[in-house]
Amino acid sequence: MKVHIHFLYPFRTESNPLHLILSGNKISTEAPKFGVMDLEQEDMQFLGIFGIYKEAYKIIFSWKKIFSQITLALILPLSFIFLAYIEVSEYLFHKIIIHEISLDYTPANSANYNKISDLLSTEWTVFWLLKLAYILFTLIFSLLSTSAVVYTIACIYTGREVTFKKVMSVVPRVWKRLMVTFLAIFCAVFVYNMVAILILIAWAVFIGPVKTGIVILSILLILYLVGLSYMSIIWQLASVVSVLEDSYGLRAMVKSRALVRGKLWVAIVIFLKLNISLFVIKVAFERLVVHGQSLGMASRAGYAILCFLLLFKLFIFGLVLQTIIYFVCKSYHHENIDKSALSDHLEVYMGEYVPLKGKDVQLEQYYV
């Protein structure tokens, strides 16, 4: 049996801790592997966009095995669901449109009219059930993937041994906290959209589609998209906070809003590029695979595989990026994360996941 003894400062530094391992009657020392996130915490605040990208690539390629296992278990199903829904929903919707047109040219109350009407009712039911199933499974796999990646990177950061089995044992306990955070941001976005609709109605009543009104509407639309993008960034960062800290739901949103200050433009650029990349993959899949009958079956299959590969790489890269941005924001605000405390709270003990307390992730503040 091996017993790990962690000496506190000054015997141990955060970048090179000293572990004593007792094995039988022998005592030996070893410097544990901290992985690639071995930057001093105060140095992480200076990471820009390309520095964050570089750190993400280093983590993924240095820990290829664990990230490959997470990808196979969670990211690949998520990517398949995303693309399969586009294909199936387009097919169903195309059939619905054809039958809607046929119904318009069929005499009312005829046998053929009733047959098409019943068929349309069935197709619309299947369409909405498919959409509901898509939202449900996408949400589940998204939350599970976020839990797995954030927990894995936290283990890498603290130097704790991380295995796929350990990750998958923690994930089911963590994703419930992410669900609460998701519901909180969903309610916030719902209220935001309701306010936007009221403003749009006020514009239509008091201004209307005149020349000046079009300009005002354009400005309002830009402001709406900016606000929606900002809320998306808050949600991404709040997801990491929900896993690593004791805050979740509205408290995680408030915490992430405070953290992103000072690094907002870095986060905006990174998340905007991720969303643009996702949009490009989606459009390419629709045009080259879903509506690419003229290209032939072999070409469509090749493009489908290419879009699938690009999509799951984008998903895993995005999840790693949002976790690194969390550590960068913590460093920027001089909120020092004690690696030993974080490591202890990441441990699965007696079958329970113990989230990191706020006092541990803000154990001390340093100034440069």
Measure up the F308 and F80 rings against each other and bin them: parallel (under 30°), tilted (30 to 60°), perpendicular (over 60°).
-> perpendicular

Distance, nearest 0.5 Å, that separates CG of L143 from CZ of F182 = 7.5 Å

Taking the side chain as every heavy atom from C-beta outward, state whether F317 and I60 have any atom pair closer than 4.5 Å.
-> yes

Distance (rounded to the nearest 0.5 Å) between I52 CD1 and I270 CD1 = 4.0 Å

Parallel, tilted or perpendicular, as decided by the 30° and 60° cut-offs, for the rings of F127 and W124 = perpendicular

Are there more than 12 heavy atoms of other residues, nucleotides or ligands under 6.0 Å from atom CZ of R257?
-> no

H291, NE2: over 12 other non-hydrogen atoms inside 6.0 angstrom = yes

Report yes if the side chains of T71 and F312 come closer than 4.5 Å at any heavy-atom pair, otherwise no.
-> yes

Which heavy-atom pair separates L274 from G318 by the least distance, and what is that distance?
-> CD1-CA, 3.9 Å

Taking it one step at a time, do V195 and Y192 satisfy side chain to side chain contact (heavy atoms under 4.5 Å, CB included)?
-> CA-CA 5 Å; V195 172; Y192 180 77; 5.9 Å; no

Close side-chain approach of V328 to V266, heavy-atom, < 4.5 Å | no

Around atom CZ of F137, are there more than 12 heavy atoms of other residues, nucleotides or ligands at under 6.0 Å?
-> no

In terms of side-chain heavy atoms, does S242 have a donor or acceptor partner in T181 at a distance below 3.5 Å?
-> yes

Is the backbone N or O of V289 less than 3.5 Å from a side-chain atom of R300, with the two atoms forming a donor-acceptor pair by type?
-> yes

Which atoms form the tightest heavy-atom contact between I70 and T152, and what is the distance?
-> CD1-OG1, 3.3 Å

So, does Y230 use its side chain to make a donor-acceptor pair with the main chain of L225 at under 3.5 Å?
-> no

Considering only heavy atoms from C-beta outward, does the side chain of K273 approach that of Y53 to under 4.5 Å?
-> yes

Same apolar cluster: M231 and V226, side chain cutoff 4.5 Å | no

Minimum side-chain heavy-atom gap W128-T125 below 4.5 Å = no

For M297, look at atom CE and say whether over 12 heavy atoms of other residues, nucleotides or ligands are found less than 6.0 Å away.
-> no

With the 4.5 Å side-chain cut-off for hydrophobic clustering, are V189 and L136 part of the same group?
-> yes

With distance as the sole criterion, is a donor-acceptor pair present between the side chains of K131 and Y85 under 3.5 Å?
-> yes

So, S89 side chain and I86 main chain: donor-acceptor pair closer than 3.5 Å or not?
-> yes

Side chains of V290 and Y91 in contact at under 4.5 Å (non-hydrogen atoms) = no

Test L74 against every option in S145, S79, S142 by the side chain to side chain contact (heavy atoms under 4.5 Å, CB included) rule and name the one that passes.
-> S145

Does a side-chain heavy-atom distance below 4.5 Å link L319 with I75?
-> yes

Note: A56 and L321 closest approach over all heavy atoms is CB-CD2, 3.8 Å

If only atom types and distance count, is the side chain of S256 paired as donor or acceptor with the main-chain N or O of M253 below 3.5 Å?
-> yes

Closest heavy-atom contact between L72 and P77?
-> O-CD, 3.7 Å

SB check K330 E245 (cutoff 4.0 Å) | yes

I207 vs I216, side chain to side chain contact (heavy atoms under 4.5 Å, CB included): CA-CA, chis, key distance, verdict | CA-CA 9 Å; I207 301 177; I216 295 175; 3.8 Å; yes

Beyond-backbone contact of V240 with Q322, side-chain heavy atoms, under 4.5 angstrom | yes

Could you grab the distance from atom CG of L78 to atom CG of L83, nearest 0.5 Å is fine?
-> 9.5 Å

Going hydrophobic residue to hydrophobic residue with side-chain gaps under 4.5 angstrom, can you get from M194 over to I201?
-> yes

Output yes when a side-chain donor or acceptor of W203 lies under 3.5 Å from a complementary backbone atom of G213, and no otherwise.
-> yes

May I ask you to decide if N114's main-chain N or O and S117's side chain share a donor-acceptor pair within less than 3.5 Å?
-> no

Looking only at heavy atoms, what is the nearest atom pair of L178 and S239, with distance?
-> CD2-O, 3.1 Å

What's the spacing between I49 CD1 and K263 NZ if we round to 0.5 Å?
-> 9.5 Å

Do the side-chain N and O atoms of H99 and E123 include a donor-acceptor pair separated by under 3.5 angstrom?
-> yes

Ring centroid separation F327 to Y157 under 6.0 Å | yes

Mind checking whether F82 and Y134 have parallel, tilted or perpendicular rings, split at 30° and 60°?
-> tilted

Is a donor on one side and an acceptor on the other found under 3.5 Å between the side chain of S232 and the backbone of L228?
-> no

Measure the CG-CG distance between L295 and L288 for me, rounded to the nearest 0.5 Å.
-> 6.5 Å

What closest approach, in Å, do S102 and I116 show between heavy atoms, and which atom pair accounts for it?
-> CB-CD1, 4.1 Å

Find out if a path of hydrophobic residues (ILVMFWY) with successive side-chain heavy-atom gaps under 4.5 Å connects I325 to L272.
-> no

Donor-acceptor pair, S110 side chain versus P107 backbone, under 3.5 Å?
-> yes

Look at the rings of Y57 and F61 and say which category their plane angle falls in: under 30° parallel, 30 to 60° tilted, over 60° perpendicular.
-> parallel

Would you find more than 12 non-hydrogen atoms of other residues, nucleotides or ligands less than 6.0 Å from Y303 atom OH?
-> no

Separation between CD1 of I81 and CZ of F141, rounded to the nearest 0.5 Å = 5.0 Å

Any chance you could lay out the side chain to side chain contact (heavy atoms under 4.5 Å, CB included) test for V149 and F67, step after step, and finish with the verdict?
-> CA-CA 8 Å; V149 172; F67 283 111; 4.3 Å; yes

Within one Ile-Leu-Val-Met-Phe-Trp-Tyr cluster: L223 and I233, side-chain cutoff 4.5 Å | no

Where do V215 and I219 land on the side chain to side chain contact (heavy atoms under 4.5 Å, CB included) test, with the steps shown first?
-> CA-CA 6 Å; V215 174; I219 295 173; 4.2 Å; yes

